[in-house]
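Predicted model, so just to flag it, every value in this text is computed and none were measured. Side-chain atoms are counted along with the backbone in the values below, which use heavy atoms only and exclude waters and symmetry mates.
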Amino acid sequence: ERLGGRVVFVGKPYESMYAFAKRLTRAPDAVRRIAIGDSIDHDIRGGDRADLKTALVLTGLSSGLADGKLDKRFAFYGATPDFVLSGLVW
């Protein structure tokens with residue numbers, strides 16, 4: 001932008017990524033969509049901004065967070081997941 005060009009941000013937590021994912025699912029409503037991830041800042045905040053249900057998985061970036069630390073992180077990032085999972089197996 002400083003150089004006079006247009007900047008487009010893509011990826012989490014930016015809306016364009018979630019809008020693209022919503023189009024791919026072709027679900028008739030948001031009931032069947034959920035953003036799942038291990039990052040409160042990217043996955044949960046991004047899903048929340050996109051009006052999706054969210055699930056934080058306590059692995060990867062969120063591994064080792066105890067209940068007391070979770071509330072502080074949620075407040076810091078301004079995003080609270082709808083669900084908190086100890087793990088996820090596909």
Side-chain angles (χ1 to χ4, degrees):
E1 291 177 332
R2 285 183 314 178
L3 298 175
R6 180 173 172 248
V7 176
V8 177
F9 293 96
V10 179
K12 301 177 291 183
Y14 302 106
E15 176 64 30
S16 60
M17 196 280 299
Y18 291 93
F20 177 73
K22 285 179 181 180
R23 285 192 306 275
L24 285 178
T25 63
R26 297 186 183 126
D29 55 38
V31 173
R32 299 186 56 165
R33 298 180 186 136
I34 186 168
I36 302 171
D38 65 350
S39 169
I40 299 166
D41 185 22
H42 300 106
D43 304 313
I44 304 308
R45 195 164 54 107
D48 189 51
R49 286 179 176 174
D51 200 29
L52 296 171
K53 295 288 185 188
T54 59
L56 177 68
V57 184
L58 299 179
T59 58
L61 293 173
S62 296
S63 64
L65 291 180
D67 288 338
K69 289 182 181 179
L70 284 175
D71 290 337
K72 290 178 184 176
R73 291 282 176 99
F74 298 155
F76 180 80
Y77 290 112
T80 301
D82 296 289
F83 308 98
V84 177
L85 311 171
S86 61
L88 179 69
V89 177
W90 187 263

Any pair counted as side-chain hydrogen bond (donor to acceptor under 3.5 Å, both in side chains), so long as it reaches residues 4-17, sequence neighbours left out: K12-D43

Heavy-atom closest pair, residues K22 and A50: NZ-O, 2.5 Å

Minimal non-hydrogen separation, P81 against T54, with atom names: CA-OG1, 3.1 Å

Stepwise side-chain contact (heavy atoms from CB on, under 4.5 Å) test for D82 and I34: CA-CA 9 Å; D82 296 289; I34 186 168; over 6 Å; no

In one Ile/Leu/Val/Met/Phe/Trp/Tyr side-chain cluster, 4.5 Å: I36, I44: no

Among V57, T59, L58, the one residue meeting side-chain contact (heavy atoms from CB on, under 4.5 Å) with L88: V57

All salt bridge (Lys or Arg N to Asp or Glu O under 4.0 Å) counterparts of R45, not counting sequence neighbours: D41

S62 (side chain) donor-acceptor with D38 (main chain) under 3.5 angstrom: yes

For the student: nearest non-hydrogen atoms of A35 and G47, plus distance: CB-CA, 3.9 Å

Rounded distance (nearest 0.5 Å) linking atom CG of L56 with atom CZ of F83: 12.5 Å

Interatomic distance, F74 atom CZ to L65 atom CG [nearest 0.5 angstrom]: 8.0 Å

Single-linkage hydrophobic cluster F76~I40, side-chain heavy atoms < 4.5 angstrom: yes

